[in-house]
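Inspection log for the structure reproduced underneath, given as C-alpha cells.
In what follows, every chain begins at residue 1, and chains take the letters A, B, ... in the order their sequences are listed. What you see is a predicted model; the values in this text were computed from it and never measured.
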Amino acid sequence: MARFGMVIDTKKCVGCQDCVIACKTENKVPEGHDRDWIVTESHGKFPDILMEIRTERCNHCSNTPCVSCCPTGASHIHDVGGVVLVNHDLCIGCKACVESCPYDARFIHPDGYADKCTFCIHRVEKGLKPACVEVCPTYCMHFGDLDDPNSEVSKLLQSRKYHVNLPEAGTQPNIFYLI
Amino acid sequence: MNSLSRRKFLKISGATIATAAVLAGSAKTFVKASKKISERKGLEIIPTYCDLCFWKCGALAYIEDGKLWKVEGNPADPLSNGRLCPRGTGGVGAHYDPDRLKSPLIRKSLRGEEKWIDVTWDEAFDYIAEKMIKIKNEYGPESVALFSHGIGGSFLKHLIRAYGSPNETAPSFAQCRGPREVGFELTFGDVVGSPERTDIENTRCLTLIGSHLGENMHNTQVQEFSRAVERGASIIVVDPRFSVAASKAKYYLPIKPGTDLALLLAWMSIIVNEKLYDAEYISKYGTGFDLFVAEVSKYTPEWAYVETGIEPDLIRETAREMARYKPASLVHPGRHATWYGDDAQRSRAIALLNALLGSWGRKGGFYQTHSFSIPKYPYPPYPELKKESVHNPNNKYPFATGEQISTGIREATITGKPYPIKGWFVYGTNLMQALPNQNETVEAIQNLDLMVVVDVIPSEIAGWADVVLPESVYLERYDDLNTSPFKEAFVGIRQPVIEEPNDQKPNWWMAKKIAEKIGLGNYFPWKDVEEYLDTRLQAADLSLQELKTKGIIKAPQQPIYFEDGAEPEFLTPSGKIEFYSSQLAEAGFDPVPRYTKHPDPPPGYFRLIYGRAPVHTFSKTQSNPLLKDMMDENELWVNTDIAEKYGLNHGVYIKLKNQDGVVSNKIKVRVTERIRTDCVYMVHGFGQKSRQLRSTFNKGASDSELITKYTIDPLMGGTAMNVNFVTFEMEA
C-alpha cells in the first residue's frame, strides 16, 4: 500500500505563504483559519545567523494520536496513501484530536467539525498534486509515495540530509524537511 | 457594456471553455453559455493575466457554479510557468473584498473628509466633463495631469493625450526604478526594464545589493532564484537586514545603510587592480576604460571598511568570487532604487560592475529582451502640444528621460509654475503612500479644480478626490494586451472571468464615456474594448477569439545572448559601454561614480528603512481578505540589543517619531537579531488612513507618513526616501 508523504526543501523555501493561500482557495478554508502555515527559525547573533524556513501542516503520521483518541471514528486513516482524514458527518467537534496533535495541525471549522490538511486527496485521487505543491513558486515541495523507492520523494530522502518535526513525539510523521 | 456586446462576450467565452479545460487537465465542463457567468452551472476555466502587481503573470480563473473559486498560473505563460505568487493566488480576494468601491461618488464636504454622495455614472461624468471643459477654456488642456500605475491606465493616458495634455506620469519612475534605468542607460544605452532582464536562472554567482528577492515576490525572479539556489550558484547578499535571501547566501554582507556605493567602488577597484575583469569583452564593447580605472582604483577595501563596516577581507573575497564566475555573474540591479539621492550614480556603479564582469548580454547575466510586435490602434493623431510637460522645467534634471517626474508635476501644482495644473486624474496609485511628504501632496490637491480618482478600493488618495470612479477588478474587465519584453516574445490577454458585484465599470469604458462627453469621441472610435483588441490583434495576424481561448500566444524563440547571436547594440553616444561617461561630464556630473558620505542618524535615532512582504503590493492589497488573513499589520524590526537598551518587548505597540516631529500610528515591535543596530525596518503599505477601508484602517504604521524628508537625485529627479530618522515613542 502506498504511503503518501511530502519532502520539503528548506533551502529553497522563501516562506511566501503561497501554499497557505492556495490551500485556502482550493479547500475553501474559512477566514481566520489555515490548514498550513510557515515557520521561520533563526539562531545566532547578528550578523552570524542560521535560518530555516519551512511550510508546515498535518504530518499524516503513521502513528496517529488524533485517530486513536477520536471517540466517534471521525478521524480515520484513508484507504489510499495512509492519509489522515476527518469524516465531517461523524465528527462531534469534541476537540480531543485538536488537543492530541503535537503539531497543532487541527482546528474546529466554524461548521463544527475538526478540520486540517487532507493532502488534497480529492486532487491526488485524480492524479493531481496537492494545491500547495502545485502552486509553490520555489518548487520546494514534493509529494509522493514514500513506500515506492523510485518515487521522487524517496529519491530525495536517499540523497539529502533531512529532519522531521518533533521526532520525540513518536508519531512517525510523513513530512520530511531537507536541510 | 450593452446587452448586445454582453451576449457576444458570453458566446466567445463559451467557446473558450473547452480549450481551457484541456489546459488544466482534469477539469470537467458542462456549461450553458447563454446565461450570465454568475448564473451558470459547472466548472469553467478562463485564462487572463494577473493584476495583483505589475508583473502581469498569465493566470487561469476557475469559475464554479457561477462563482469565482480560485486563480492558478497559466502553464502556457512564460512569466508564471503555471505558478502564481501568493498575491496572485489570493487574487480571488480582490473580487470579494468587502471594502470595495461600489458606485461612483462625488464629495459633499471638504477634500479629505471622505464624505460622499452616491451618484450615477452619468452624473459623475457630467461633473468631470464640465470641469475639464472649464479648465481647458481657462488654462488650456495642459493643465490636467494624469498619475497612473499599471497597464489599466492606458486608456486614460490616451484620453489625456487626446485632450491635449503632455502631463502624464507614474510614481514608478521618480519614486522607484527611475535611477536604476538612468544608471544603466548611461552605461549600456538601454534600461533594465520590467520584468527585469536578469538571467538569474543561469547565473553562477548572484549578487543582491538592494534586492530582497523572496520577500519581494516578483514571480519569475523568485522562481529563478530558487533554481539558482538548487543549482548551487554562489549567492552574495548585501543588506542591513538579514533578509530571506541572506539566509540562502554563501556570503552575507551586513552593510551600514547609505554606504552601498563605497562597497561597489571597492569591489570594482579589486577587480580592476587584480585584473579580474573580462578584458576581451571590455576591449570589444567598452570605452573610457583607462579613465575609469584611474578613478576607481583608489577605493581600497580598507577605505570601504570604514564606511560600510564590511571587513576588508570579505570585500576582497566576494569581489574575487563574483569575478570567478564571470560572465555568468550577475550583480542584480534591484528595483526600488530611490534611497539616498545619489541613486542614479549608485545604479551606474552596479552597471559598471556588471560591465567589468562582462555580464550584460551574456548567459547568466542580462539577457536581450524580445517583445511581441502588435501595431497600435489606428487612432487619429493627437492634437499638437502647445506646452511642454511641467515635470522637469528647464531640464533641471537632464537625465530624466523616457518617463516623467511625478513629484515635478506635484511641485508645479503647488507653485503654479511654469503653468498652473488644475486637474488631476489618479489611476490605480495611492499617491498618499507612493509620493514622499504627504503634506506636499495635500497642498497640491488644494489648488485643483478637479480631482478624479479611479480605483477598485477606497484608497487613501481616493479620500481626497472630488469624484471617485469605482473600477472593476482585473478579473472583471479587459485591459490592453500584455506584450512585456522578456526572454521570449509573447502576448497575453486580460479578460473578464466574472461579473462585477455592484456598479463598478472597466477603465476603458470610463475613458470612452468621458471622451464622448467632452467632444473627443472620435478618439475612441471602437464600439467596445473587444473591437479595440481585435483590431490590434488582427493587424498582427492574430484574433481576439484565439487569444481569449489560449490566454497567451508566443512568438518563435530568438537569441537572447551575444554568444548565441543576439546583436550587441549600445545606444550610448559612443555606441559602446561607457566606463567613462562624456554625457555626464558635459552636464557637470561625475563621469565615473564617486562616493559621497550621507548623514548618520543623530544619537537616539535610527534610519527608517522599508521593504516588501510577499503577500502585499504597495498599499493596494491590505484589504484583500485572503491576503489580510496572511498579514494584517506590519511590524517594526528592532535589533535585540537596541530593544533591550530601550526596554522594548517583543509584541508591544509603540509609535515612531521622525526628525521633523511627525508621529506614526502604533506599530508592533518585532525584536530580532536579523537587523543592524543603526536602523529599523517595516514593510511598506500599512497604517492606512482611509476610514472606508474598514478592514485595514489604522492597522500598523505607514513608512510613507514618516518620510517627510526626501533628497532629490540631481541627475534624474528621483526622490530618495531612506533619509529619514526615527526615534521610539513609548506611550502607545
Chain A contact via [X] - which portion, at a heavy-atom distance below 4.5 Å:
X      : value
B/Q221 : neither
B/V244 : both
B/R227 : side chain
B/M630 : both
B/F242 : both
B/I675 : backbone

Against chain B, label [X] side chain, backbone, both or neither, depending on which of its atoms sit under 4.5 Å from a heavy atom there.
X      : result
A/T138 : both
A/C140 : neither
A/H43  : neither
A/I49  : both
A/D34  : side chain

* **Residue-level interface, residues 77-116 of chain A with chain B, non-hydrogen cut-off under 4.5 Å** =>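 Answer by number: none.
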
For atom [atom1] of [X], decide whether the heavy atoms of other residues, nucleotides or ligands shown that lie under 6.0 angstrom number more than 12.
X      : atom1 : result
A/K11  : NZ    : no
A/E125 : CD    : yes
A/K161 : NZ    : no

* State, yes or no, whether a side-chain contact exists between A/C132 and A/T55 at a heavy-atom distance under 4.5 Å. =>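 With C-beta onward as the side chain, the pair stays apart.
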
* **Heavy-atom check, side chain of A/L157 versus side chain of A/L178, under 4.5 Å** =>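 Yes; the side chains approach each other to less than 4.5 Å.
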
* Interface residue of largest heavy-atom contact number with chain B, from A/D48, A/T25, A/D9, under 4.5 Å ->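 Of A/D48, A/T25, A/D9, A/T25 has the most heavy-atom pairs under 4.5 Å with chain B.
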
* Criterion side-chain hydrogen bond (donor to acceptor under 3.5 Å, both in side chains) on B/D99 and B/S695, from CA distance to verdict -> CA-CA 7 Å; B/D99 285 344; B/S695 57; 2.7 Å; yes

* To the nearest 0.5 Å, tell me how far B/L206 CG sits from B/S234 OG. =>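 The CG atom of B/L206 sits 9.0 Å away from the OG atom of B/S234.
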
* Straight-line distance of A/C120 SG to A/R35 CZ, nearest 0.5 Å ->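 The distance works out to 7.5 Å.
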
* Looking at A/F119 versus A/F4, is the centre-to-centre ring distance below 6.0 Å? ->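 Ring centres of A/F4 and A/F119 not closer than 6.0 Å.
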
[options]: which one forms the most heavy-atom pairs within less than 4.5 Å of chain A?
options                        : value
B/V615, B/N639, B/T677, B/T640 : B/V615
B/R676, B/E215, B/K628         : B/R676
B/M631, B/Q223, B/E224         : B/Q223

* **Step-by-step side chain to side chain contact (heavy atoms under 4.5 Å, CB included) determination, B/T308 to B/V238** => CA-CA 11 Å; B/T308 63; B/V238 182; over 6 Å; no

* **Side-chain ion pair, B/D641 and A/K45, N-O less than 4.0 Å** =>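 A salt bridge links B/D641 with A/K45.
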
* **Salt bridge B/K70-A/E134, side-chain N to carboxylate O under 4.0 Å** =>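 No, this pair does not count.
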
Do the side-chain N and O atoms of [X] and [Y] include a donor-acceptor pair separated by under 3.5 angstrom?
X      : Y      : result
A/D145 : A/S151 : no
A/E26  : A/H122 : yes
B/S623 : B/D97  : yes
A/N174 : A/S62  : yes

* Part of residues 81-89 of chain B lying next to chain A, heavy-atom separation under 4.5 Å ->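 Listed by number: B/N81, B/R83, B/L84, B/C85, B/P86, B/T89.
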
* Asked: Quick one: does B/T318's side chain have a donor or acceptor within less than 3.5 Å of a partner on B/L314's backbone?
  ->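 Yes, the answer is positive, given that a donor and an acceptor are paired below the 3.5 Å cut-off.
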
